[in-house]
Every structure is written in C-alpha cells, then in structure tokens.
Amino acid sequence: MKNISLNIEKTFDFVSQSSIFSYENDAFRANEALHTLTRAGNDFLGWVTLPQTFSESEIKDIEETAANLREKSEIVVVIGIGGSYLGAKAVISALENNFSHLQKNRKNPLILFAGQNICEDYLFELRETLKNVSYSLIVISKSGTTTEPAIAFRILKSDLEAKYGKEEAKNRIVAITDKAKGALRKLSDQEGYKSFIITDDIGGRYSVLTPVGLLPIAAAGFNIRELLNGAKTMFELTNPSQKFENNIAAIYAVTRYLLYKNCDKKVEILVNYYSKLHYVSEWWKQLYGESEGKNGKGLFTASVNFTTDLHSLGQYIQDGERHLFETVLSVQKPQFETIIPPDEQNLDQLNYLAGKRMSEVNKMAEIGTMLAHTDGRVPCISIEIPEMNEFYLGEMLYFFEKACGISGYLLEVNPFDQPGVEAYKNNMFALLGKAGYETLTQEIKNRLK
C-alpha cells in the first residue's frame with residue numbers, strides 16, 4: 001500500500017540537499033523530545049502516541065454514540081472553536097459530497113457548526129434552519145466558559161429544551177470536556193449528558209484524533225477506524241527510530257525551517273488543487289500559526305485554492321515580493337471520472353482537450369504552475385496523497401502534527417502554548433464589563449478617547 005510522500009526537489013535552488021541533511025541530528029533530537037517529553041510543552045504531548053494507544057472500547061463507544069445521533073438527527077450541530085471544530089470540519093469536508101446539503105434522501109445527518117464565531121446573523125439563520133428538522137448537539141469545550149462556544153451552547157440548548165423538553169433534550173446533547181473540572185463538566189454531570197473526555201495532555205489544535213474530532217466525523221458516517229489506522233501508520237513512519245532520509249515529517253520540518261532562517265522566506269502558502277481540502281488548509285493554518293508564531297518568530301501561514309486563486313493571488317505569487325514559498329497538496333487519484341466532450345463548432349477552442357479527463361487538465365495546471373512559480377523564485381514543496389479517503393487523511397493529519405512539533409523545537413519556541421490569544425480576550429471582557437476587569441476597562445476607555 002502506498003503512503004503519502006514528500007518531494008522537496010523544487011527547493012534545492014534555495015536550500016541545498018546537503019544543508020537539509022546537515023540538520024539530521026537537530027531534527028532527531030527534536031523528534032526524540034516529543035516522544036520522551038523532555039522539552040517545553042511536555043505536558044501537552046499526549047497526541048504523539050495517541051494513534052497507538054486508542055483502545056477498542058473507546059472507539060466502540062464513539063461509534064455507538066455516533067450511531068445514536070445519526071438515528072435521531074437530520075442535523076448534528078457541533079459547537080466549538082479553533083481546534084475544537086477545525087479538525088472535524090477538515091475531515092468531513094474532505095470526504096463528503098460537495099453538495100450533500102442539497103441531497104433530499106441523506107443516509108447520514110448534515111453536520112453544521114456553531115460557536116466558531118460570534119456573528120449574530122450566522123446564529124440566527126442556524127436557529128431558523130433547525131426549527132423544522134430533528135437535531136442534536138455536540139458541545140466541545142474543556143472549560144465550558146470559552147466565550148464563543150459558551151454563547152452558542154447557551155442559546156441552542158435553550159432551543160433544544162423548548163423543542164423536545166428537558167428530558168429528551170439531554171439525550172440529544174453530547175459533551176466533550178474535561179474529566180473533572182470546568183463549567184461544562186459540572187453541567188454534564190448535573191444533567192446526565194453523555195460525555196467524552198478531553199485529556200489534560202492534548203491541546204485543542206492537536207485534538208482531531210481524539211473524541212473532539214472523531215465523534216463528529218463518525219456522526220457524519222465516516223470510518224474513524226481507518227482514520228486512526230492512517231495515523232498509526234504515520235506514527236511508525238515518523239518516529240525517531242526512522243532514518244532521516246525516510247522521515248518525511250523531519251525533512252519537511254527542516255526544509256521549511258531553513259527556507260525561513262536562511263532564505264528570508266516569511267510566508268508559507270498551503271496550496272491545493274482539490275477543492276475539498278479547503279478546510280484542511282484552515283486546520284493547518286491554526287496548527288502552525290498558533291504553534292510557531294511567538295517570541296517574534298515563525299512563518300505566517302496562508303492558503304490558496306488553485307486554480308481558483310490563480311485568477312486572483314496568482315499574479316502576486318508569481319511576481320510580488322519574494323518572501324514566500326509554497327507547500328502543495330497533490331491528490332493523485334480523484335474519486336470520480338468526468339470526460340471533456342468534443343464540440344462540432346469548437347467556438348470555445350477546447351477541442352484539443354476533448355477526450356481528456358478533468359483530472360488530467362487539473363494535473364497539468366498543477367505542474368505548469370509549479371514550474372512557473374519556481375522560475376519566479378518561489379520554492380515549492382509537494383506532498384502527494386494517493387487518494388482522498390479516511391486512511392490517507394489520517395496519515396496527513398498526523399504527519400502535519402509531528403512535523404509541527406519538530407518545527408517548533410527547531411525554532412526554539414514552545415509549540416504547545418498560545419499566550420498571545422489572551423490579549424484580545426482580556427480587552428473584549430473589559431469592554432463588555434466582565435467582573436474583575438475594571439482597571440483594564442478604564443485603561444481602554446482612556447485610550448479610546
């Protein structure tokens with residue numbers, strides 16, 4: 001069986017292969033530290049061995065809970081923010097039919113999301129959508145007090161109880177939260193919600209292979225066992241015992257680090273030519289941006305969907321400031337086949353494509369763009385995915401997680417904290433009049449005069 005693979009040849013004009021291999025020992029030590037818990041953030045490394053330690057009883061519990069949600073729900077609303085929704089959204093979007101929301105005879109519930117923003121119109125329209133359908137809630141929060149999901153859960157729980165009564169509503173709510181503390185844990189115990197645990201040693205952006213991601217993915221009808229099998233395979237392929245030349249996570253981490261450190265590349269763009277990978281890019285942006293962006297360091301993570309964005313950002317990437325490089329996600333085998341037909345009049349002058357598959361045209365666009373961009377002094381890394389299914393998504397998710405941990409340690413930052421996100425929260429709490437923020441409230445008012 002094939003595995004996802006890495007190609008860094010189109011970076012060699014910027015960082016030599018020998019310079020990359022000169023970091024073999026640094027990468028090994030960083031990777032080893034992830035397994036031996038010997039560097040900063042070592043209390044948040046439960047995700048490293050998770051694919052190997054997930055028990056059969058835990059998987060069955062998730063599958064049975066998901067089956068119960070599917071049986072009683074046309075829609076399942078997942079309430080969470082950041083890593084508490086992006087991982088599930090990424091996998092579900094990558095696997096489901098692009099137009100599943102329009103299918104009238106769906107076998108599985110539609111998975112919608114709330115609590116990932118505080119847009120009033122979004123929540124209003126979601127509530128209107130839920131009025132005439134059967135639905136359930138999965139609420140994800142370690143503390144239960146994170147502003148965005150807490151607001152959404154308060155409102156949607158109230159709606160659910162009004163629609164079904166409190167007794168039935170509790171059978172339609174699943175909480176994923178802390179084992180022993182926090183508002184959501186207390187409420188779950190009081191109300192008798194079915195619940196799963198977010199362990200203390202796994203942070204949100206590394207939680208996609210825990211119940212945080214697995215329950216929504218299973219509720220959508222996808223095979224979480226295969227997702228975990230893919231992650232298990234990548235665990236073996238990227239552990240410290242692997243030789244550097246065979247460890248794609250280590251090579252990716254070192255290559256992007258050297259492009260940043262030695263070539264003044266400040267932006268990494270994740271590129272896809274497969275539209276279903278859009279939310280994988282969103283997940284990746286949080287994973288790397290929140291893990292590396294601290295102490296005045298780190299690549300800025302951005303993403304584009306090609307060929308769509310070649311008609312908007314393509315000009316800048318080709319000819320703009322030379323401070324970026326690309327990492328291209330390349331899916332080798334599409335799920336379906338579409339042949340371009342001939343046309344007698346040929347007014348659109350496309351008969352030269354007649355008989356070709358859309359995927360062939362897409363692949364030539366990918367190759368042609370990479371050649372043009374490397375000619376334009378944009379280094380390109382390529383990650384090849386044999387096909388889009390649960391197994392290869394599991395491989396890719398774990399690959400990016402492992403490479404991110406190595407990358408953070410190469411940068412000499414703690415890749416598992418996020419102190420910077422507290423600044424906006426404190427200002428927001430002060431402006432909203434939350435108790436305990438009075439001094440900051442006055443400071444902000446003075447600044448706004």
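As the structure is a prediction and not an experimental result, all values here were calculated from the model.
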With sequence neighbours left out, what residues match R357 under side chain to side chain donor-acceptor pair (under 3.5 Å)?
none
Please work out whether the ring planes of H35 and F235 are parallel, tilted or perpendicular, with thresholds of 30° and 60°.
tilted
Is K131 salt-bridged to E128, going by a charged N under 4.0 Å from an acidic O?
yes
Under 3.5 Å: donor-acceptor pair, side chain of N247, backbone of T238
yes
Do S16 and S19 have a side chain donor and acceptor closer than 3.5 Å?
yes
Side chain to side chain contact (heavy atoms under 4.5 Å, CB included) evaluation trace for T307 with Y273:
CA-CA 6 Å; T307 61; Y273 289 79; 4.2 Å; yes
Which residue pairs pass the ring-ring contact (aromatic ring centres under 6.0 Å, His included) test when at least one of the two sits in residues 97-131, sequence neighbours left out?
Y85-F113
Return yes if some donor-acceptor pair links the side-chain N/O of Y398 with the main-chain N/O of V48 below 3.5 Å, else return no.
yes
When you measure from the side chain of N108 to the backbone N and O of A219, does any donor-acceptor pair fall under 3.5 Å?
no
Start with the C-alpha gap between N362 and E366, add the side-chain angles, then the distance that decides, and say whether side chain to side chain donor-acceptor pair (under 3.5 Å) holds.
CA-CA 6 Å; N362 200 29; E366 177 186 324; 6.0 Å; no
Answer yes or no on whether K265 is positioned over the face of F325, meaning its NZ or CZ is under 6.0 Å from the six-membered ring centre and within 45° of the axis.
no
Tell me if a side-chain donor or acceptor on Y409 pairs with a main-chain N or O of L34 at a distance below 3.5 Å.
no
Pairing donors with acceptors under 3.5 angstrom, does anything connect the side chains of S291 and Y206?
yes
Salt-bridge criterion met for K10 and E326 (N-O under 4.0 Å)
no
Would you kindly say whether S359 and K333 are connected by a side-chain donor-acceptor distance under 3.5 Å?
no
Just wondering, more than 12 heavy atoms not from K266 lying within 6.0 Å of its NZ?
yes
For Y260, is the NZ or CZ atom of R256 found under 6.0 angstrom from the centre of its six-membered ring and inside 45 degrees of the ring axis?
no
Which pairs count as ring-ring contact (aromatic ring centres under 6.0 Å, His included) when at least one residue sits in residues 335-394, sequence neighbours excluded?
none
Determine whether the aromatic ring centres of residues Y257 and Y23 are separated by less than 6.0 angstrom.
yes
Have N239 and Q242 got a donor and an acceptor in their side chains that come within less than 3.5 Å?
no
When rounded to the nearest 0.5 Å, the distance separating CG of L313 from OG1 of T308 is 11.0 Å
Stepwise side chain to side chain donor-acceptor pair (under 3.5 Å) check, E148 with T146:
CA-CA 6 Å; E148 294 90 342; T146 304; over 6 Å; no
Is it true that D343 and N351 share a donor-acceptor pair across their side chains at a distance under 3.5 Å?
no
Is there a donor-acceptor pair closer than 3.5 Å between any side-chain N or O of N346 and the backbone N or O of L350?
yes
Counting N and O atoms only, with roles assigned by atom type, does the side chain of K142 sit under 3.5 Å from a partner on the main chain of I198, one being a donor and the other an acceptor?
no
Donor-acceptor pair, R70 side chain versus K107 backbone, under 3.5 Å?
no
Short side-chain to backbone donor-acceptor contact, E390 and F222, under 3.5 Å
no
Hey, is the main chain of V133 close enough, under 3.5 Å, to the side chain of E74 for a donor-acceptor pair?
no
Test: E282 and K89 ion pair at under 4.0 Å
no
Whether H323 and Y316 hold their rings parallel, tilted or perpendicular, with breakpoints at 30° and 60°:
perpendicular
Output yes when a side-chain donor or acceptor of R322 lies under 3.5 Å from a complementary backbone atom of G320, and no otherwise.
yes
Would you sort out whether L45 and W47 count as a side chain to side chain contact (heavy atoms under 4.5 Å, CB included), showing the intermediate values?
CA-CA 5 Å; L45 290 171; W47 59 271; 3.8 Å; yes
